[in-house]
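My structure is below; once you've seen it, I'll send some questions.
For clarity, every value in this text was computed on a predicted model and none was experimentally measured.
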Amino acid sequence: MSSQQLRLSDEELIQLCHRVEVSSSLSFEELIYLVQLDERQAQILFATADRVRQRMVGDAVHLRGLIEFSNICIRQCQYCGLYCRNNQVKRYRMKEDEIFATAEHAVKMGYPSLVLQSGEDPFYNTHIERLAGVISRIKNELKVAITLSAGEFSKTDYQRLKDAGVDRYLLRFETSDAKLYRELHPDSQLDDRLQCLQYLAETGYQVGTGFMVGLPRETPEIFANNLLLLKKLNVGMVGIGPFLPNQDTPLKGEASGTSLGTLIAVALTRLLLPDTNIPATTALGTLDKDGRIKALQAGANVMMPNVSPMEFRELYKLYPNKLCVTADQGRDTAIKLVESIGRVVSFSAGHAPLRK
Ligand code: SAM
């Protein structure tokens, strides 16, 4: 089937969805068609993904508390508000005691699982023991599941962080197209990112990756290849959000990704990797006020409310209009949202499947 010829009636789309429910695989041509579905036909895909989600991971929505512990970054990611040449942003690095106190507060609020995220702060490349120290303190004293998302490290450092108590690591590949990756990251290349994902898998982490939807110069072919790369990497967690242009970056004039495209990506991810953990992302909730509900109904099963101290929230600004509510409000909103669609909040660690 060539993508030019592929035009499916509703009946044919339903049949294709049934086939994917059994096989968990789609061809490149089929994906090119599916990533361009219109709003009406996309509902068929979303209903299928919702069914697969229900069957494979159930009705539980896992809540993770997100701590943004440093906005210092050496990278030049052209889309990101933290990129090193943005001098409009005041930089911060939380002290280890502040990170621990925030984690402790989150655990008291009921979170059994925390995500520690930062820019690629060079301090930790040269002081890996400092990061490992606070992680092992959190792990030992709070007995909580820990996800880290702090960018690229050597395999030895990933091992050190794992030994300290990190269970999971999130590192999006952002786009599967090596040329586009290079344009968006003039200081690095896709292969480096993929190498890190390989190190993480070899070190025994639950690995998470993902991409942005609607990056400038993204084509349906690149979008389809993003999904095929996810399938090939066979990860246990997948984060997908729309690209949102930030006024303080070189991509300020570009159009944002769409809510529909992001939901299609979430749904296709659920079909290709049926038991994976998929968050309803804050970026989607920023673009579309109902975005997180829609994502939960199109395959997602995780939410990551922000628990960072308020003074740092505004400074960790990847994109504009970031939702900024208190930790309590964020948790309560997430619980209400989950319950409003008849789903159940899970306060268990909600580990991702480990891949061999
Ligand atoms: N430094 C770590 C890394 O590189 O993986 C983690 C922090 S990074 C800021 C987290 C994610 O934010 C990136 O993987 C990227 O997909 C997303 N992000 C950054 N800028 C964005 C933007 N303008 N719109 C949407 N998502 C963005």
Discussion item. When you group the ILVMFWY residues by side-chain heavy-atom contacts below 4.5 Å and let the links chain together, are Ile222 and Leu31 in the same group?
Written reply: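 No.
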Worksheet entry | ILVMFWY network linking Tyr83 to Leu244, side-chain heavy atoms under 4.5 angstrom |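 Result: no, two separate clusters.
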Worksheet item: Would you say Arg75's side chain and Cys84's backbone share a donor-acceptor pair under 3.5 angstrom?
Response: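 No, the answer is negative, given that no donor and acceptor are paired below the 3.5 Å cut-off.
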Item to complete: Decide yes or no for Glu30 and Arg19: does some side-chain heavy atom of the first lie under 4.5 Å from some side-chain heavy atom of the second?
Response: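 Answer yes - side chains close enough.
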Worksheet item: Looking only at heavy atoms, what is the nearest atom pair of Ala145 and Arg168, with distance?
Response: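 Of all heavy-atom pairs spanning Ala145 and Arg168, the closest is CB-NH2, 3.9 Å.
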Worksheet item: Can you tell me if Gln78 uses its side chain to pair, donor with acceptor, with the backbone of Gln76 under 3.5 Å?
Response: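 Yes, Gln78 side chain to Gln76 backbone: donor-acceptor pair under 3.5 Å.
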Item to complete: Report yes if some heavy atom in the side chain of Leu16 is under 4.5 Å from a heavy atom in the side chain of Leu26; otherwise report no.
Response: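 Of all side-chain heavy-atom pairs linking Leu26 with Leu16, at least one is under 4.5 Å.
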Worksheet item: Does any non-hydrogen side-chain atom of Val134 lie less than 4.5 Å from one of Glu98?
Response: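 A side-chain contact under 4.5 Å is absent here.
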Practice prompt. Output all residues satisfying side chain to side chain donor-acceptor pair (under 3.5 Å) with Arg55, sequence neighbours left out; order by chain, then residue number.
Written response: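 Checked Arg55 against side chain to side chain donor-acceptor pair (under 3.5 Å); matches are Glu21.
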Fill in: For the student: nearest non-hydrogen atoms of Ala150 and Phe69, plus distance
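Nearest heavy atoms, Ala150 then Phe69: CB-CZ, 4.4 Å.
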Worksheet item: What's the shortest heavy-atom distance between Arg64 and Ala349, and which atoms?
Response: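 So the two residues come closest at NH1-O, 2.8 Å.
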Item to complete: With the side chain counted from C-beta on, respond yes when Tyr79 and Asn246 share a heavy-atom pair under 4.5 Å apart, and no when they do not.
Response: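 No, too far: nothing below the 4.5 Å cut-off.
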Worksheet item: Any side-chain heavy atom of Val89 within less than 4.5 Å of one from Lys317?
Response: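 Not touching, per the 4.5 Å side-chain cut-off.
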Worksheet item: Side chains of Asp177 and Asn225: does their closest heavy-atom pair fall under 4.5 Å?
Response: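 They are not in side-chain contact.
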Discussion item. Looking only at side-chain N and O atoms, does Asn306 offer a donor or acceptor that is under 3.5 Å from a partner on Ser308?
Written reply: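 A pair is found: one side chain offers a donor N or O, the other an acceptor, under 3.5 Å apart.
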Worksheet item: Hey, does the side chain of Arg270 reach the backbone of Asn277 with a donor-acceptor pair shorter than 3.5 angstrom?
Response: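 Pair absent, no side-chain N/O of Arg270 close to backbone of Asn277.
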Worksheet item: Is the closest basic N to carboxylate O distance between Arg160 and Glu129 below 4.0 Å?
Response: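 Looking at Glu129 together with Arg160, the answer is yes, because their closest N to O distance falls below 4.0 Å.
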Fill in: Residue pair Leu229 / Phe211, side-chain heavy-atom distance below 4.5 Å
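Heavy-atom side-chain distance check fails, nothing below 4.5 Å.
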Worksheet item: Pick one: which of Lys143, Lys139, Lys162 meets salt bridge (charged side-chain N to carboxylate O under 4.0 Å, His left out) with Asp167?
Response: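 Testing each of Lys143, Lys139, Lys162 against Asp167, the sole residue satisfying salt bridge (charged side-chain N to carboxylate O under 4.0 Å, His left out) is Lys139.
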Discussion item. If we ignore hydrogens and angles and just use 3.5 Å, is the side chain of Thr209 paired with the main-chain N or O of Leu171 as donor and acceptor?
Written reply: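 Confirmed, Thr209 side chain pairs with Leu171 backbone.
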For residues 251-264, which side-chain donor-acceptor pairs fall under 3.5 Å, sequence neighbours excluded?
unit_1: Thr258; atom_1: OG1; unit_2: Gly261; atom_2: N; d: 2.9
unit_1: Ser259; atom_1: OG; unit_2: Asp288; atom_2: OD2; d: 2.9
unit_1: Thr262; atom_1: OG1; unit_2: Thr258; atom_2: O; d: 2.7

Worksheet item: From Asp290 CG over to Leu296 CG, what is the distance, rounded to the nearest 0.5 angstrom?
Response: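 Spacing of CG (Asp290) from CG (Leu296) equals 11.5 Å.
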Worksheet item: Out of curiosity, does Leu184 fall in the hydrophobic cluster containing Leu82 (side-chain heavy atoms, cut-off under 4.5 Å, transitive links)?
Response: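 Cluster IDs for Leu82 and Leu184 differ.
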Worksheet item: For the rings on Tyr111 and His62, is their centre-to-centre separation under 6.0 Å?
Response: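 Ring-ring flag for Tyr111/His62: false, centres at least 6.0 Å apart.
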Item to complete: Verify side-chain contact (heavy atoms from CB on, under 4.5 Å) between Arg40 and Asp10, making sure each step is shown before the conclusion.
Response: CA-CA 10 Å; Arg40 195 187 60 77; Asp10 289 0; 2.8 Å; yes
Worksheet item: Do you reckon Met212 sits in the same ILVMFWY cluster as Tyr316, going by side-chain contacts under 4.5 Å, direct or chained?
Response: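 Result: no, two separate clusters.
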Worksheet entry | Path from Phe28 to Leu273 over hydrophobic side-chain contacts below 4.5 Å |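 Hydrophobic grouping puts Phe28 with Leu273.
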Fill in: Side-chain donor/acceptor of Gln198 to backbone N/O of Leu194, under 3.5 Å
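No.
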Discussion item. Given 3.5 Å as the limit, does a donor-acceptor pair link the side chain of Arg53 with the main chain of Ala298, or not?
Written reply: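 Checked: no pair found.
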Practice prompt. Identify the two heavy atoms, one from Leu272 and one from Lys231, that lie closest to each other, and give their separation to 0.1 Å.
Written response: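 For Leu272 versus Lys231, the nearest heavy atoms are O-NZ, 2.9 Å.
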Worksheet item: Which class fits the ring pair Tyr169 and Tyr158: parallel under 30°, tilted 30 to 60°, perpendicular over 60°?
Response: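 Correct class here is perpendicular.
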Item to complete: Could you tell me whether the side chains of Tyr92 and Glu311 share a donor-acceptor contact shorter than 3.5 Å?
Response: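 Tyr92 vs Glu311: no donor-acceptor pair found between side chains.
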Worksheet item: After noting the C-alpha distance and the side-chain angles of Leu268 and Val20, does the key distance pass the side-chain contact (heavy atoms from CB on, under 4.5 Å) rule?
Response: CA-CA 10 Å; Leu268 288 169; Val20 190; over 6 Å; no
Discussion item. Against the six-membered ring of Tyr181, is Arg193 placed for a cation-pi contact (under 6.0 Å from the centre, within 45° of the normal)?
Written reply: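 Negative - Arg193 is either too far from the ring of Tyr181 or too far off its axis.
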Discussion item. Looking only at side-chain N and O atoms, does Tyr33 offer a donor or acceptor that is under 3.5 Å from a partner on Gln41?
Written reply: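 Result is yes, a qualifying pair exists.
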Worksheet item: Measuring from Leu161:CG to Tyr205:OH, what's the distance to the nearest 0.5 Å?
Response: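 With rounding to 0.5 Å, CG (Leu161) is 4.5 Å from OH (Tyr205).
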Discussion item. If I take atom CG from residue Leu190 and atom OG1 from residue Thr175, how far apart are they, to the nearest 0.5 angstrom?
Written reply: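 Output value for this atom pair is 7.5 Å.
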Practice prompt. Indicate yes or no: at least one non-hydrogen side-chain atom of Phe123 is less than 4.5 angstrom from one of Ile72.
Written response: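 In short, these two side chains do not touch, never coming nearer than 4.5 Å.
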Worksheet item: Would you say the side-chain atoms of Asp248 pair up with the backbone N or O of Gly81, donor to acceptor, closer than 3.5 Å?
Response: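 No; zero donor-acceptor contacts below 3.5 Å.
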Worksheet item: Under the side-chain contact (heavy atoms from CB on, under 4.5 Å) criterion, do Leu34 and Leu37 qualify, and how do the steps go?
Response: CA-CA 5 Å; Leu34 293 169; Leu37 284 178; 4.0 Å; yes
Item to complete: Give a yes or no on this: more than 12 heavy atoms of other residues, nucleotides or ligands lie within 6.0 Å of atom NZ of Lys155.
Response: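 For Lys155, atom NZ is crowded (more than 12 foreign heavy atoms under 6.0 Å).
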Worksheet item: Quick one: CZ on Arg85 to CG on Asn87, what's the gap to the nearest 0.5 Å?
Response: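 It comes to 10.5 Å.
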Practice prompt. Indicate yes or no: does Asp191 engage Arg182 in a salt bridge with an N to O separation below 4.0 Å.
Written response: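 Judged by the 4.0 Å cut-off on N to carboxylate O distance, Asp191 and Arg182 do not form a salt bridge.
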Worksheet item: Are side-chain N/O atoms of Asp163 and Gln159 paired as donor and acceptor at under 3.5 Å?
Response: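 The answer is yes; a qualifying pair exists.
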Item to complete: Write down the atom of Val266, the atom of Ala300, and the distance for their closest heavy-atom approach.
Response: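 Nearest pair, atom of Val266 first, then Ala300: CG1-N, 3.9 Å.
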Worksheet entry | Residues Val57, Ile278; criterion side-chain contact (heavy atoms from CB on, under 4.5 Å); working and verdict | CA-CA 10 Å; Val57 295; Ile278 306 175; over 6 Å; no
Discussion item. Under a plain distance cut-off of 3.5 Å, with no hydrogens placed, do Asp121 and Ser70 share a side-chain donor-acceptor pair?
Written reply: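 Yes.
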Worksheet item: Roughly how far, to the nearest 0.5 Å, is NE2 of His18 from OG of Ser23?
Response: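 Taking OG in Ser23 and NE2 in His18, the distance rounds to 12.5 Å.
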Worksheet item: For the residue pair Ile240 and Thr281, what are the closest heavy atoms and their distance?
Response: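 Nearest heavy atoms, Ile240 then Thr281: O-OG1, 3.1 Å.
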Worksheet entry | Main-chain N/O of Asp59 paired with Arg343 side-chain donor or acceptor, under 3.5 Å |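 Checked: pair present.
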Discussion item. For Met237, is there any backbone N or O sitting under 3.5 Å from a side-chain donor or acceptor partner on Thr276?
Written reply: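 Judged by distance alone, yes, a pair lies under 3.5 Å.
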Worksheet entry | CD1 on Ile44 to CD on Gln15, rounded to 0.5 Å |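 It comes to 11.0 Å.
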